[in-house]
S.K.: 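Please read through the structure below; I'll follow up with questions.
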Amino acid sequence: MQTIFDSLITSFIDHNVGIADHFLSDALAAHLKENLTTLYAENRLRSAGTGSDGQVVQNKRVRSDLIYWLDRQHNDRYENDFFDLMDRFVRHLNQTCYTGITGYEFHYTLYETGSFYQKHLDQFRNNDSRKYSMILYLNADWQEDDGGELCIHRGDTIQHIAPVNGKIVFFKSNELEHEVLRTNKPRMSITGWLKVN
Ligand SMILES: O=C(O)CCC(=O)C(=O)O
Ligand SMILES: [Fe+2]
């Protein structure tokens with residue numbers, strides 16, 4: 001596991017955006033996707049908002065994704081496997097990069113066909129506890145014309161990242177503006193933030 005952690009961290013150090021393919025095993029990605037599909041079928045996903053605690057605003061012109069927070073208290077085997085993986089990654093990151101991460105939060109995310117998320121930064125204006133953003137994709141067989149790319153904006157250049165199964169993207173939450181382009185089919189992921197409280 002350390003090899004994939006190191007390759008993600010090296011990619012982040014070299015490019016400001018860390019990308020690693022197959023960060024999630026095919027089996028874990030499939031189980032998490034199944035959880036998300038069930039939550040959707042049971043109508044348990046909620047519209048995501050913008051802003052932090054107490055000031056969350058639902059604005060479908062800015063973002064139209066649906067979310068559900070992961071929690072160890074769900075006692076779901078695969079959510080716990082995911083948290084175990086993140087615990088190992090955070091320990092490794094703190095040991096090798098002295099990042100001082102003390103917590104995290106993750107939600108399942110579903111973009112229905114036609115959904116998007118306009119250009120934004122992940123850190124809130126009144127709360128800087130989110131230090132690193134992580135997105136893990138759960139979409140097998142993603143094709144170029146499916147849309148839904150993550151676009152990272154840096155000056156005049158835009159980096160396009162396809163939301164391919166098992167891939168992770170990792171970057172500093174206060175630095176890089178990014179957006180999700182309109183998706184042409186349902187697009188699934190786990191999105192989260194490593195925090196210093
Ligand atoms: O799903 C993605 O590729 C990015 C999502 C995102 O930017 C966010 O939820 O803040
Ligand atoms: Fe974001």
Side-chain angles (χ1 to χ4, degrees), residues 8 11-12 15-24 29 32-33 35-37 39-40 45-53 55-71 82 86 103-154 157-195:
L8 179 63
S11 162
F12 166 72
H15 307 289
N16 290 326
V17 179
I19 301 180
D21 294 319
H22 310 295
F23 190 90
L24 290 178
L32 292 167
K33 179 181 175 156
N35 281 356
L36 177 47
T37 308
L39 289 163
Y40 181 62
L45 304 181
R46 292 291 166 259
S47 292
T50 49
S52 67
D53 310 341
Q55 296 191 349
V56 178
V57 181
Q58 253 91 42
N59 187 344
K60 291 210 164 57
R61 276 172 310 180
V62 178
R63 63 186 297 188
S64 45
D65 53 326
L66 301 168
I67 67 168
Y68 185 91
W69 293 95
L70 281 76
D71 194 323
F82 177 81
M86 287 304 143
Y104 51 55
E105 56 191 358
F106 289 96
H107 58 62
Y108 294 99
T109 319
L110 190 140
Y111 289 76
E112 294 173 303
T113 301
S115 300
F116 56 86
Y117 191 165
Q118 286 183 355
K119 192 162 131 186
H120 64 281
L121 278 178
D122 280 353
Q123 206 174 72
F124 301 121
R125 244 166 293 172
N126 55 350
N127 180 344
D128 68 353
S129 64
R130 288 179 169 182
K131 299 301 176 191
Y132 297 94
S133 303
M134 303 183 100
I135 308 123
L136 301 103
Y137 298 112
L138 305 176
N139 309 293
D141 304 322
W142 199 262
Q143 307 293 326
E144 217 174 306
D145 55 8
D146 292 333
E149 289 170 316
L150 170 65
C151 294
I152 311 255
H153 294 259
R154 315 183 216 219
T157 60
I158 300 179
Q159 179 179 4
H160 291 251
I161 300 169
V164 173
N165 202 46
K167 181 190 284 183
I168 184 168
V169 180
F170 176 71
F171 55 89
K172 279 184 87 170
S173 303
N174 65 340
E175 271 182 9
L176 291 176
E177 286 194 306
H178 54 282
E179 71 181 304
V180 177
L181 299 185
R182 187 183 186 284
T183 185
N184 299 323
K185 71 177 195 194
R187 174 195 195 269
M188 290 179 239
S189 54
I190 291 180
T191 314
W193 296 275
L194 305 187
K195 301 171 77 166

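Atom set for the values below is all heavy atoms of this structure, side chains included, hydrogens, waters and symmetry mates excluded. Note that the structure is a prediction, hence the values are computed from the model and not measured. Both ligands and their constituent atoms are indexed starting at 1 by order of listing.
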S.K.: With the Fe ion (ligand 2) as the point of reference, which N/O/S atom of His178 is the closest?
M.R.: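 Of the nitrogen, oxygen and sulfur atoms in His178, the Fe ion (ligand 2) lies nearest to NE2.
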S.K.: Just need the protein heavy atom nearest to atom 9 (O) of ligand 1, so name the residue and atom and give the distance.
M.R.: Thr191 CG2, 3.5 Å
S.K.: Examine Tyr117 together with His178 and report whether their ring centres are nearer than 6.0 Å.
M.R.: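 No - the distance between ring centres of Tyr117 and His178 does not fall below the 6.0 Å cut-off.
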S.K.: Specify the protein heavy atom at minimum distance from atom 4 (C) of ligand 1: its residue, its atom name, and the distance to 0.1 Å.
M.R.: Val180 CG2, 3.5 Å
S.K.: Would you name the N/O/S atom of Asp122 that lies closest to the Fe ion (ligand 2)?
M.R.: OD1
S.K.: Give me the atom names and distance for the closest heavy-atom approach of Thr113 to Pro186.
M.R.: OG1-CD, 3.5 Å
S.K.: With a cut-off of 4.0 Å, which atoms of ligand 1 are near a heavy atom of Asp122?
M.R.: 10 (O)
S.K.: Give me the nearest non-hydrogen protein atom to atom 1 (O) of ligand 1 as residue plus atom name, then the distance to 0.1 Å.
M.R.: Arg187 NH1, 2.8 Å
S.K.: For Glu149, run the side chain to side chain donor-acceptor pair (under 3.5 Å) check against Gln159, Arg187, Arg182, His160 and tell me which one passes.
M.R.: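 Single pass found, and it is His160.
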S.K.: How close does the nearest protein non-hydrogen atom get to atom 3 (O) of ligand 1, and which residue and atom is it?
M.R.: Tyr137 OH, 2.6 Å
S.K.: Distance to 0.1 Å, residue and atom name: give those for the protein heavy atom nearest to atom 8 (C) of ligand 1.
M.R.: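 Result: Tyr117 CE1, 3.6 Å.
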S.K.: Heavy-atom contacts with Leu150 under 4.0 Å: which atoms of ligand 1 show up? List them by number with element.
M.R.: 3 (O), 4 (C)
